[in-house]
**Q** 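Got a structure for you, written out below as structure tokens; questions coming shortly.
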Amino acid sequence: MSLRFHNTLTLRMEEFAPQDGKTVRMYTCGPTVWNYVHIGNLRTFASQDILRRWLRYRGWELRHAMNLTDVDDRIIQQAAEAGQTIYDYTAGYAAAFFEDTAKVRLEKPEIVCKATDHIGDMVDVIQQLEKNGCTYVSEGSVYFRITGFPEYGKLSHTRFEGNKAGARVDTDKYDKENARDFVLWKARKEGEHFWDSQLGAGRPGWHIECSAMAMKYLGETLDIHAGGVDLVFPHHENEIAQAEAASGKPFARFWLHTEHLMVEGQTMSKSLGNFYTLRDLLEKGHSPESLRYLLLSVPYRKQLNFTFDGLRSAATAIDRLRNFELRLHTARFDEGVDALMEERAAKAISQFEAALDDDLNTAEALGAVFEYVREVNTAMDAGGFRDGNRVGAGNLLAKFDAIFDVLRPTVAGNAISDDEIEKLSAERTQAKKAKNFARSDEIRNLLLAQGVVLEDTKEGVRWKRK
RNA sequence: GGCGCGGUAGCCAAGUGGUAAGGCAGAGGUCUGCAAAACCUUUAUUCGCGGGUUCGAUUCCCGCCCGCGCCUCCA
């Protein structure tokens, strides 16, 4: 089966392959670095992480660029309130972003580009748009004239001329010819950060950074452009208008949008008191892997309802997989290879792959893995799983974890060492043999307090970190 | 009003024109010094509601109800 994605541009499933048959050129809208990442951000970024990993799994090379928005109205305002330059203000949050995303095991894109490092590139694109007659100047600011771009609205599937002049469109912006026109370059305002350019003193509008940087690093036509659903309009629509009006070429072939995360059935917002950053969850004692699993367990085009109950369920589900892996590595099996078990592993892998090929159906992919785990556990109990089957089973787990990446526990820096655990475990076994159950229970509890669980099995003791 | 997503067991959730994957929780069991941990079994005659097409629909069509998002900054 071939790799297919749902394309927002066409609202259809389409077979995917990169233009050049080798390297996928992908752009994703990154964070505005004015705060710590929240779990809604992470839902989108996690879905893009799966996309990255799956594209590579399927043999493509990857050239993925992600922007950091480090200048906008909020940043300017908050930096001013903090008495800092925008550079000082955003540097800390940019660093925190990569610390946090690494904890939930998001791969870093090949290219990370900051808006403030690319002012000149944005000015170049705006000048090209001027040349192409798509702009006008009003009160010192440069605007994009959407009536000059007939395809405006093709991504959000909106025909603006037929649209009711709704209450939500600003009607007091006298400086624009059309309410939907958007700013490319904002004239300098007193006290605000600005750059001198051929366009005059000012700063870039929000949308231009993505068009400029994407084309600079990936060429005029991208294979994939992705982001959260809220960006479809106006951000991505405007990116298309800017890029295509400047280059005359299609900006991106595939547009992938991740649905939003809700919290307890409601929109996450600070005013509702249900707003969580990754740091909030870690402080409450939840593991980064459990959040990663939860975020990935619902396919990206479906709204995900975050609950703490769900987070705990995710942690338990991961335990089941880790227990299986531990059993696979520690239990004793009869010599030989069981053909049926090999067949089951191959079937599980093909189901797993077909699921992810189908627009990254992570829920179905997980189903294939769990079904396999249960069948193999049953076979292990019945003696049907042989020593030679370890390779096939391990291979399946490796493929699974290359994408989901949740099997390896996060171990704190001050955790008890493996050697100490082994030593205490051995002492407990001795105590048990001597029927000194008081001492053996004491050791078990002592290790439990350190987050280590001892398990008695037919073949002896095994341990794991919780 | 326009555009889009969704309503499947207590919760999360996959799915197909031919009779419902998987996870969590619950119940039962195996193992065990008691435990812990682990593992196994089990839990929807039914897929928001009403019509229609069909030999047959949760899956296709029409209508309706409900939830959510975007149309303004937002992942």
Side-chain angles (χ1 to χ4, degrees), chain A residues 6 8 11 28-32 37-48 69 72-74 153 155-160 162-170 173 179-180 206 226-235 237 257-262 265-269 293-294 297-307 309-321 323-324 326-327 331 351 355 358 361-374 376-378 380-382 432 435-437 440-441 444-445 448 453-458 461-464 466:
Chain A
H6 178 89
T8 308
L11 299 179
T28 56
C29 290
T32 301
V37 271
H38 62 251
I39 57 178
N41 293 322
L42 288 173
R43 206 288 236 238
T44 297
F45 297 137
S47 71
Q48 292 161 356
T69 299
D72 79 343
D73 291 347
R74 294 170 302 189
L155 182 70
S156 51
H157 304 282
T158 310
R159 293 170 54 209
F160 292 102
N163 205 15
K164 212 169 157 180
R168 311 193 95 185
V169 178
D170 279 343
K173 301 265 180 180
R180 300 283 183 182
W206 171 38
V229 273
D230 55 299
L231 296 182
V232 173
F233 188 88
H235 184 55
E237 197 72 72
H257 290 99
T258 304
E259 260 297 345
H260 272 188
L261 170 149
M262 315 284 287
Q266 291 185 292
T267 305
M268 180 170 77
S269 76
Y293 182 99
L294 176 61
S297 64
V298 180
Y300 78 98
R301 288 205 301 123
K302 183 164 174 167
Q303 278 180 0
L304 184 154
N305 186 22
F306 174 91
T307 62
D309 222 36
L311 192 58
R312 283 184 287 270
S313 299
T316 310
I318 293 172
D319 282 343
R320 181 165 163 77
L321 298 173
N323 287 327
F324 176 75
L326 190 62
R327 184 177 192 187
Q351 287 176 332
D358 184 20
N361 191 336
T362 46
E364 198 177 346
L366 286 171
V369 172
F370 278 103
E371 199 178 349
Y372 170 80
V373 166
R374 192 193 63 243
V376 173
N377 269 324
T378 303
M380 284 174 168
D381 288 343
K432 263 185 76 170
K435 304 243 184 232
N436 183 355
F437 297 123
S440 85
D441 287 349
R444 192 171 66 197
N445 290 330
L448 195 59
V453 179
L454 290 184
E455 299 178 3
D456 294 326
T457 73
K458 281 177 194 162
V461 193
R462 68 181 196 186
W463 60 267
K464 66 186 179 190
K466 262 291 193 187

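Atoms considered below: every heavy atom in the structure, side chains included; atoms not considered: hydrogens, waters and symmetry mates. All values derive from a computational prediction rather than experimental measurement. Throughout, protein chains are lettered first and strands after them, A, B, ... in sequence-line order, and every chain is numbered starting at 1.
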**Q** Can we say A:Lys464 and A:Asp319 salt-bridge, meaning some charged N sits less than 4.0 Å from an Asp/Glu carboxylate O?
**A**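 No, this pair does not count.
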**Q** Short question: side chain of A:Asn305, backbone of A:Gly265 - any donor-acceptor pair under 3.5 Å?
**A**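 Yes, the answer is positive, given that a donor and an acceptor are paired below the 3.5 Å cut-off.
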**Q** Would you kindly give the NZ-to-P distance between A:Lys302 and B:rA14, to the nearest whole Å?
**A**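 Result: 4 Å.
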**Q** Would you mind classifying the nucleic acid contact of A:Asp73 as base, sugar-phosphate or nothing, using non-hydrogen atoms under 4.0 angstrom?
**A**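 Since no nucleic acid heavy atom lies under 4.0 Å of A:Asp73, the category is nothing.
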**Q** With nearest nucleotide decided by heavy atoms, which residue, A:Asn377 or A:Leu304, maps closer to the 5′ end of RNA chain B?
**A**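 Nearer the 5' end of the strand: A:Leu304.
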**Q** When you compare B:rU41 with B:rC65, how far apart are their C1' atoms, in angstrom units rounded to a whole number?
**A**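 The answer is 40 Å between these two C1' atoms.
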**Q** For B:rC34, which nucleotide in any strand shown is its Watson-Crick or wobble partner with both distances under 3.5 Å?
**A**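 When the pairing criteria are applied, nothing turns out to pair with B:rC34, so the answer is none.
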**Q** Do side-chain atoms of A:His157 reach the backbone of A:Thr8 as a donor and acceptor pair under 3.5 angstrom?
**A**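 Side chain of A:His157 to backbone of A:Thr8, a donor-acceptor pair under 3.5 Å: yes, one is there.
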**Q** Distance between the C1' atoms of B:rG4 and B:rA14, in whole angstroms?
**A**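 About 22 Å, rounded to a whole number of Å.
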**Q** Reading RNA chain B from 5' onward, which residue's closest nucleotide shows up sooner: A:Thr307 or A:Leu454?
**A**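 Closest to the 5' end, via its nearest nucleotide, is A:Thr307.
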**Q** Who is the Watson-Crick or G-U wobble partner of B:rG69, with both distances under 3.5 Å?
**A**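 B:rC3 - that is the nucleotide pairing with B:rG69, both distances being under 3.5 Å.
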**Q** Just how far is it from atom CG of A:Asp441 to atom CG of A:Asn436, taken to the nearest 0.5 Å?
**A**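 Reported to 0.5 Å precision, the distance equals 9.5 Å.
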**Q** What is the pairing partner of B:rA44, taking Watson-Crick or G-U wobble pairs with both distances under 3.5 Å in any strand?
**A**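 B:rA44 is paired with nothing.
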**Q** Mark this stacking check for A:Phe437 against B:rG33 as yes or no, applying ring centres under 5.5 Å and ring planes under 30°.
**A**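 Per 5.5 Å and 30° rule: yes, stacked.
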**Q** How far, in whole Å, is B:rU42 from B:rG22 if one measures between their C1' atoms?
**A**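 Their C1' atoms lie roughly 15 Å apart.
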**Q** Between B:rA14 atom C1' and A:Glu364 atom CD, what is the distance in whole Å?
**A**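 Going from CD in A:Glu364 over to C1' in B:rA14 covers 6 Å.
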**Q** Whom does B:rC39 pair with, Watson-Crick or G-U wobble, provided both distances fall under 3.5 Å?
**A**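 Across all strands, the one nucleotide that pairs with B:rC39 is B:rG29.
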**Q** Would A:His260 pass as stacked on B:rG69, i.e. its ring centre under 5.5 Å from the base's six-membered ring centre and planes under 30° apart?
**A**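 A:His260 vs B:rG69: stacking no.
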**Q** Strictly by Watson-Crick or wobble contacts shorter than 3.5 Å, is anything paired with B:rA14, and which nucleotide is it?
**A**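 Matched B:rA14 with nothing under the 3.5 Å cut-off.
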**Q** Flag the pair A:Glu455 and A:Arg462 as a salt bridge only when some basic side-chain nitrogen lies within less than 4.0 angstrom of an acidic carboxylate oxygen.
**A**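 Salt bridge between A:Glu455 and A:Arg462, a charged N being under 4.0 Å from a carboxylate O: yes.
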**Q** Whole angstrom is fine here: how far is it from CG in A:Asp358 over to P in B:rU16?
**A**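 In whole Å, B:rU16 P lies 8 Å from A:Asp358 CG.
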**Q** What is the pairing partner of B:rU59, taking Watson-Crick or G-U wobble pairs with both distances under 3.5 Å in any strand?
**A**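 Check on B:rU59: unpaired, no WC or wobble geometry under 3.5 Å.
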